[in-house]
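Below, read A as the first sequence line, B as the second, and so on, with proteins coming before strands; counting in each chain starts at 1. Scope of the values below: all heavy atoms of this structure, side chains included, with no hydrogens, waters or symmetry mates.
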Number of protein chains: 2
Amino acid sequence: MTVTAEARRAQDKVVYNAFMAACPTRQVLATIADKWAALLITALADGSQRHSELARTVAGVSQKMLTQTLRVLERDGVIARTVTASVPVRVDYELTDLGESLMPILGALKTWSETHIREIMAARDEYEARELVA
Amino acid sequence: MTVTAEARRAQDKVVYNAFMAACPTRQVLATIADKWAALLITALADGSQRHSELARTVAGVSQKMLTQTLRVLERDGVIARTVTASVPVRVDYELTDLGESLMPILGALKTWSETHIREIMAARDEYEARELVA
DNA sequence: CGGTATCCCGGTGGATACTG
DNA sequence: CAGTATCCACCGGGATACCG
């Protein structure tokens with residue numbers, strides 16, 4: 001019965017969406033685990049930086065993504081944006097307490113990554129090697 | 001001078017790419033922080049599961065993304081795939097030692113998320129409120 | 001200086017159908 | 001059951017140009 005199958009899938013989707021929306025970890029990952037966020041947070045761990053400083057610190061980020069990512073982090077209360085009305089304008093970004101509290105986790109992740117990256121690379125090489133046989 | 005500006009940007013890009021490729025944390029985030037990976041790893045934390053079990057546990061994932069994500073995790077040595085040649089075929093997935101070693105971090109992330117999700121939500125609401133004024 | 005606005009390409013990921 | 005293949009809509013994100 002096609003109709004009920006479709007209905008079932010639609011229902012699954014609703015349940016799934018509710019699940020996704022409710023899952024705090026997903027929310028947090030969505031905020032801090034995208035292409036630039038973790039890098040920016042880490043960059044700000046050492047102290048506040050101006051927009052242009054961040055652009056240099058996190059080399060390779062485009063204007064657009066820098067601003068966009070900063071907005072999301074500001075929106076979620078991880079960083080604070082301070083505008084100083086001078087000529088030219090000066091904008092500083094710094095971690096909030098919430099942002100600071102994230103550092104231990106990012107630190108642990110960094111440590112784990114540096115410790116295990118070789119294993120991962122080795123696993124990849126091995127996997128590639130097996131692929132060549134097939 | 002347009003030429004040098006372009007050359008500069010190209011050079012920045014090379015430096016950036018090298019930086020990205022060399023950064024272990026980025027590699028790890030690319031592996032575990034995508035839409036489904038963290039969910040799958042967490043699902044396997046309680047013990048091995050079959051392909052179809054995972055599909056049910058992580059409700060909402062498509063066949064394609066389930067298989068694709070499992071492949072990446074297998075490739076990076078985070079999970080192990082075991083095929084039992086029977087009829088029908090049986091495929092089990094389980095965490096490797098490397099995958100297990102990831103759990104404390106994922107656990108910490110989960111704890112942090114559950115602890116601070118309210119603050120994040122509050123920050124968002126406040127941000128939205130400010131937006132309305134402007 | 002610190003942004004917006006616009007264009008557009010490529011990759012992500014969902015839906016569907018088919019295979020061993 | 002587990003996986004592959006195809007098609008396609010969507011949007012992430014880079015390049016560029018323009019504003020306050």
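With respect to B:Arg124 and B:Glu128, no salt bridge is recorded, no charged nitrogen being found less than 4.0 Å from a carboxylate O.
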* Per-nucleotide protein contact string for nucleotides 4-13 of chain D, where B marks a base within reach and S marks sugar-phosphate only (heavy atoms under 4.0 Å, - for neither) -> S--------B

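Between the CG atom of B:Leu70 and the P atom of D:dG3 there is a distance of 7 Å, given to the nearest Å. Between the CZ atom of B:Arg56 and the P atom of D:dA2 there is a distance of 9 Å, rounded to whole Å. Straight-line distance from the NE2 atom of A:His51 to the C1' atom of D:dG20: 15 Å, rounded to whole Å. B:Leu66 places its CG atom 13 Å from the P atom of C:dG13, with the value rounded to the nearest Å.
Between A:Leu106 and A:Ile32 the shortest side-chain heavy-atom distance falls below 4.5 Å.
The minimum heavy-atom distance linking A:Ala43 with A:Gln49 is given by the pair O-OE1, 3.2 Å.
Between A:Arg90 atom CZ and A:Thr82 atom OG1 the span is 10.0 Å, to the nearest 0.5 Å.
Phosphate proximity of D:dC1 to B:Tyr93: absent, as no side-chain N or O sits under 4.0 Å from OP1 or OP2. At C:dC1, none of the side-chain N or O atoms of A:Arg50 fall inside 4.0 Å of OP1 or OP2 (strictly under the cut-off).
Remark: the backbone N or O of A:Ile120 is not paired with any side-chain donor or acceptor of B:Arg75 at under 3.5 angstrom.
Around CG of B:Asp97, the count of heavy atoms belonging to other residues, nucleotides or ligands within 6.0 Å does not exceed 12.
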